[in-house]
Amino acid sequence: MKKIIIYGVAILAVVFIVMQFFQPEKPVVAVTGDHLFEQVQVSEDIQAMLKTSCLDCHSDQTRYLWYHYIMPVGWMVNNHITEGKADLNLSEWGKMEVLDQMSILDEMCEEVESGHMPLKSYLLIHRDARLSEEQKTLLCEWTKKLSEELLLKMK
Ligand code: HEC
């Protein structure tokens, strides 16, 4: 019995070590003129809110932390980042059609109000990313206002 446990632990240790060799890519790109904050005037508090709660998964400027280098945690986090960016990359705001920008703004408010975003697993580690009701209201006021401005510009 003792032997089985020792073998078991040894196999797990080897698997764990081998996993570390399969590191996902961690691309971080400098902010370009296409970034949301470069494209439109965004107030300090909204910028701070987006930076703390959204941009790790929805921009090319993810803040990578030590546990991103430890598999399998790194794989799970990487999944969220790539899926999040595929749906919405605020670093590429300038490349989107105005109508898409407007529907994204609408979704941003919806996702936050429904409590779907930021992802729960993210909030477990990033306590400061939790948005208060007041912050959610501020964010939605901002998305609506920007959306209206974009609409006016189209005409
Ligand atoms: C830990 C990573 C992570 C964080 C942080 C995060 N998101 Fe997401 N987001 C995702 C992933 C993954 C998806 C795609 C899958 C899904 O909808 O669950 C997504 C999808 C979205 C979508 C698109 C939904 C759709 O139906 O296409 C919007 C809009 C969005 N997020 C807004 C936000 C906002 C606003 C914040 C900050 C308040 C935020 N997200 C924070 C990972 C994240």
Side-chain angles (χ1 to χ4, degrees), residues 15-16 18-155:
V15 168
F16 180 76
V18 170
M19 279 198 277
Q20 307 316 310
F21 288 96
F22 296 88
Q23 296 278 337
E25 277 182 45
K26 299 180 183 63
V28 175
V29 182
V31 173
T32 69
D34 281 325
H35 195 287
L36 171 72
F37 299 163
E38 301 288 326
Q39 293 274 320
V40 284
Q41 277 263 308
V42 183
S43 69
E44 291 284 327
D45 37 336
I46 298 291
Q47 282 204 25
M49 219 189 291
L50 293 174
K51 271 187 195 154
T52 325
S53 305
C54 318
L55 292 185
D56 275 338
C57 301
H58 292 296
S59 82
D60 292 329
Q61 286 77 38
T62 306
R63 292 167 297 174
Y64 286 103
L65 302 172
W66 62 270
Y67 58 84
H68 291 147
Y69 295 86
I70 298 174
M71 306 305 124
V73 177
W75 292 331
M76 299 189 292
V77 176
N78 190 58
N79 251 350
H80 285 157
I81 297 171
T82 38
E83 278 177 32
K85 272 206 271 189
D87 266 13
L88 169 62
N89 185 346
L90 293 175
S91 297
E92 306 210 317
W93 185 255
K95 293 184 187 158
M96 291 181 217
E97 300 287 336
V98 178
L99 283 177
D100 289 337
Q101 293 176 336
M102 288 165 65
S103 76
I104 290 271
L105 285 168
D106 210 37
E107 275 177 36
M108 282 172 76
C109 166
E110 230 170 73
E111 295 286 319
V112 163
E113 276 198 324
S114 67
H116 187 204
M117 289 291 147
L119 289 184
K120 299 232 157 48
S121 56
Y122 184 79
L123 294 178
L124 280 180
I125 298 162
H126 301 83
R127 293 264 157 199
D128 56 339
R130 202 171 292 271
L131 297 175
S132 65
E133 288 307 316
E134 200 182 317
Q135 283 179 308
K136 290 180 192 175
T137 311
L138 277 179
L139 191 93
C140 284
E141 280 172 3
W142 168 73
T143 57
K144 290 194 180 100
K145 192 163 157 269
L146 180 53
S147 204
E148 278 164 19
E149 282 170 17
L150 292 174
L151 182 67
L152 285 176
K153 258 199 225 157
M154 273 173 70
K155 283 182 186 161

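All residue numbers in this chain count up from 1 along the given sequence. For ligands, and for the atoms within them, numbers begin at 1 and follow the listed sequence. All values below were derived from every heavy atom in this structure, side-chain atoms included, with hydrogens, water molecules and symmetry-related copies excluded. Since we're looking at a predicted model, the values are computed, not measured.
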Does a salt bridge link K95 with E92, judged by any charged N lying under 4.0 Å from a carboxylate O?
-> yes
Between the side chains of E38 and T32, is a donor N or O closer than 3.5 angstrom to an acceptor N or O?
-> no
Would one find an N or O of H80, backbone or side chain, under 3.5 Å from an N or O of ligand 1?
-> no
Number the atoms of ligand 1 from 1 as they appear, then name those within less than 4.0 Å of a heavy atom of E83, with their elements.
-> 12 (C)
Value rounded to 0.5 Å, distance of CE in M154 from CD in E97 = 9.5 Å
When distances are taken from atom 14 (C) of ligand 1, the protein heavy atom at minimum range is D87 OD2, 3.3 Å
At what distance is the nearest protein heavy atom to atom 16 (C) of ligand 1, and which residue and atom is it?
-> H116 CE1, 3.9 Å
Atom 32 (C) of ligand 1: the protein heavy-atom neighbour that sits closest, reported with distance to 0.1 Å | M117 CG, 3.7 Å
Test item, V112 contacting ligand 1 (heavy atom, 4.0 angstrom) = yes
From CG (L90) to CZ (F37), nearest 0.5 Å = 7.5 Å
Within 4.0 Å of some non-hydrogen atom of C57, the atoms of ligand 1 are 1 (C), 2 (C), 3 (C), 4 (C), 5 (C), 42 (C), 43 (C)
Give the atoms of ligand 1, by number and element, whose distance to some non-hydrogen atom of E111 is under 4.0 Å.
-> 24 (C), 28 (C), 29 (C)
Approximate separation, where rounding is to 0.5 Å, of T137 OG1 and Q135 CD | 9.5 Å
Around atom 25 (C) of ligand 1, find the nearest protein heavy atom and jot down its residue, atom name and distance.
-> E107 OE1, 3.1 Å
Would you say ligand 1 has an N or O under 3.5 Å from any N or O of Y122?
-> no
Who's the nearest protein heavy-atom neighbour of atom 11 (C) of ligand 1, and how far?
-> G84 CA, 3.6 Å
Ligand 1 contact by M49, heavy-atom criterion under 4.0 angstrom | no
For atom 37 (C) of ligand 1, the protein heavy atom that lies nearest, with its residue and separation = C54 SG, 1.9 Å
For D45 and S43, work out which heavy atoms get closest and say how close.
-> OD1-OG, 3.1 Å
Evaluate whether atom NZ of K26 has more than 12 neighbouring non-hydrogen atoms of other residues, nucleotides or ligands under 6.0 angstrom away.
-> yes
CA sep, side-chain torsions, deciding dist, call: L138, M49, side chain to side chain contact (heavy atoms under 4.5 Å, CB included) = CA-CA 10 Å; L138 277 179; M49 219 189 291; 4.1 Å; yes
Could you tell me the separation between the OG atom of S121 and the CG atom of N79, rounded to the nearest 0.5 Å?
-> 10.5 Å
Which part of H58 is near ligand 1, with near meaning a heavy atom under 4.0 Å away: side chain, backbone, both or neither?
-> side chain
Plane angle bin for Y64 and H68 - parallel if under 30°, tilted between 30 and 60°, otherwise perpendicular | perpendicular
Name the closest protein heavy atom to atom 5 (C) of ligand 1, giving the residue it belongs to and the distance to 0.1 Å.
-> S53 O, 3.2 Å
